[in-house]
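The structure appears right after this line, and notes come after that.
The structure presented is a predicted model; accordingly, all values stated were derived computationally and were not measured. All ligand and atom numbering here is 1-based and tracks the order in the structure.
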Amino acid sequence: MSAEAHRFAVFGHPIAHSLSPEIHQAFAEQLGIRLSYETIDAAPADFDAAVRGFFRDGGLGANVTLPHKNAAFALATARTDAATRAGAANTLTPLVGGGIQAHNTDGSGFVRDITERHGFDLRGHDALLLGAGGAAKAVAWALMDAGVKTLTIVNRTPERADEIADAIGEPARCHTRYWDGLEGECFDLVVNATSIGVTGGDFDLPMSIVQDHSTAYDLCYGAAAAGFKGWAVAAGVRPDWFRDGLGMLVEQAADAFERWHGQRPDTDPVYAQLRQRF
Ligand code: ATR
C-alpha cells in the first residue's frame with residue numbers, strides 16, 4: 001500500500017497555517033492508518049481545476065476551507081443534506097464511477113463539541129446566533145436539530161439572517177431580529193459566527209443579552225476569538241463558560257475522517273494536544 005494511494009488534502013487560500021494535516025495525521029496514527037494529507041493553496045480562479053486534478057490523480061478525500069466552501073458545494077455532482085442545508089461544503093469525496101460528493105461537517109462538529117466535550121445540553125435552551133455566512137447557516141440547522149427551544153439569528157445584513165430562518169421554516173422556534181434590536185432579550189447561549197474576530201470590528205451588542213448562567217461560543221479559536229471572549233466576559237459570562245472553536249475544528253475533522261476511513265478517532269487526546277498551543 002503506497003502512501004500515494006491514500007492521499008488527502010485541505011484546500012484553502014491562504015492555507016499554510018491550517019491545523020488539518022496535523023489533526024488527520026494524529027487520527028491516522030491512533031488507528032494505524034497510513035495516509036498523506038497535504039495543504040493545497042488554490043486561488044479562487046484555480047480552485048475548480050485544482051480539486052478535479054487532485055481527484056484525477058488519485059486523491060481520496062479533500063477538506064475545503066475559506067474561501068472555497070461555496071465553490072466546493074457548486075462543483076459537486078452529489079450533495080448530502082448537511083451540505084445542501086448549509087449551501088457550502090467542507091468535505092469532498094470522489095464517487096465510485098466518477099463525480100464528487102459534497103458534505104458539510106461544521107454543524108455536526110459544533111454540536112458534538114458543545115454537547116459532548118463541554119456538556120452543554122442544547123435541548124430547551126434559548127440560543128442567539130450572530131452572523132449569517134456559510135458557517136452560521138450550518139450551525140443554525142444543527143442547533144435546531146439538537147433541540148434548542150428558540151433560535152434567534154441576527155446579522156449585519158438582515159436579509160441574510162432572514163434567508164436562513166425562512167429556509168428552516170419553523171417561525172415559532174427560529175426567527176430573526178435586527179442587530180440593534182436585542183435590547184431586553186436574554187439568551188442561554190450566544191454563538192459568534194461572524195468574521196469580526198478576523199477582520200476587525202466591535203461586538204456592538206447590549207450586555208443584557210447574557211447573564212452569569214449564559215454560555216458564549218466563538219466558532220473561531222485562538223487570537224481570532226479574543227474579541228468576542230472579551231465582550232462576553234465583560235457582559236457577565238463566566239470566563240470558563242466561554243468556549244472557542246478549537247474543539248469544533250477537531251470534531252469536524254473527525255467527522256470527515258470517519259466518512260473516509262470508516263473508523264471514528266478519539267478526539268480528546270488530539271484536542272488536548274492542540275489546547276496547549278491555543
Ligand atoms: P463564513 O462563511 O465563514 O461565515 P462569510 O460568509 O464571509 O463567512 O460571513 C461572515 C459573517 O460575518 C457575515 O455574517 C457578516 O455579516 P454580513 O452578512 O452583513 O456581511 C459578518 N460580519 C463580518 N464583519 C462584520 C462586522 N464588522 N460587523 C458585523 N458582522 C460582520
Under the side-chain hydrogen bond (donor to acceptor under 3.5 Å, both in side chains) rule, collect the residues that match up with S108, sequence neighbours excluded. D255
Would you call R52 and D57 a salt bridge, taking side-chain N to carboxylate O under 4.0 Å as the test? no
Counting from 1 in the order shown, the ligand 1 atoms closer than 4.0 Å to a non-hydrogen atom of G131 are 14 (O)
Please report which non-hydrogen protein atom sits nearest to atom 23 (C) of ligand 1, along with the residue it belongs to and the distance in Å to one decimal place. S195 OG, 3.2 Å
Identify the protein heavy atom lying closest to atom 15 (C) of ligand 1, giving its residue, its atom name and the separation to 0.1 Å. N155 OD1, 3.9 Å
Nearest protein heavy-atom contact for atom 9 (O) of ligand 1: which residue, which atom, what distance? G133 CA, 3.6 Å
So, are D145 and R85 salt-bridged, with charged N and O less than 4.0 Å apart? yes
Evaluate A136 for polar contact with ligand 1, using N/O atom pairs at a separation under 3.5 Å. no
How about N90 and N63: does a side-chain donor come under 3.5 Å of a side-chain acceptor? no
If you measure every N/O of T194 against every N/O of ligand 1, is any gap under 3.5 Å? no
Is it true that A135 lies under 4.0 Å from ligand 1, counting heavy atoms only? yes
Identified ring pair (Phe, Tyr, Trp, His ring centres under 6.0 Å) counterpart of F11 within the set Y37, F55, F54: F54
What atoms of ligand 1 come within less than 4.0 Å of a heavy atom belonging to T157? 17 (P), 18 (O), 19 (O)
Just by distance, no angles: are the side chains of T176 and D162 close enough, under 3.5 Å, to form a donor-acceptor pair? yes
Can you tell me the protein heavy atom closest to atom 1 (P) of ligand 1 and the distance? G134 N, 3.7 Å
With respect to R156, determine whether any N or O atom, backbone or side chain, lies less than 3.5 Å from an N or O atom of ligand 1. yes
N/O of L66 under 3.5 Å from N/O of ligand 1, yes or no? no
Is it true that the NZ or CZ of R117 lies under 6.0 Å from the centre of Y271's six-membered ring and within 45 degrees of the ring axis? yes
Nearest protein heavy atom to atom 29 (C) of ligand 1, by residue and atom, and its distance? I196 CD1, 3.5 Å
Side-chain polar contacts of residues 123-130 - donor-acceptor pairs under 3.5 angstrom, sequence neighbours left out - could you list them?
{"unit_1": "R123", "atom_1": "NE", "unit_2": "D121", "atom_2": "OD1", "d": "3.1"}
{"unit_1": "R123", "atom_1": "NE", "unit_2": "D121", "atom_2": "OD2", "d": "3.4"}
{"unit_1": "R123", "atom_1": "NH2", "unit_2": "D121", "atom_2": "OD2", "d": "2.9"}
{"unit_1": "H125", "atom_1": "ND1", "unit_2": "D121", "atom_2": "O", "d": "2.7"}
{"unit_1": "D126", "atom_1": "OD1", "unit_2": "T150", "atom_2": "OG1", "d": "2.6"}

Would you say L122 and L151 are hydrophobically clustered, going by side-chain heavy atoms of ILVMFWY under 4.5 Å? yes
Any atoms of ligand 1 less than 4.0 Å from a non-hydrogen atom of R160? List them with their elements. 6 (O), 13 (C), 17 (P), 18 (O), 20 (O)
Any non-hydrogen protein atom less than 4.0 Å away from atom 7 (O) of ligand 1: no
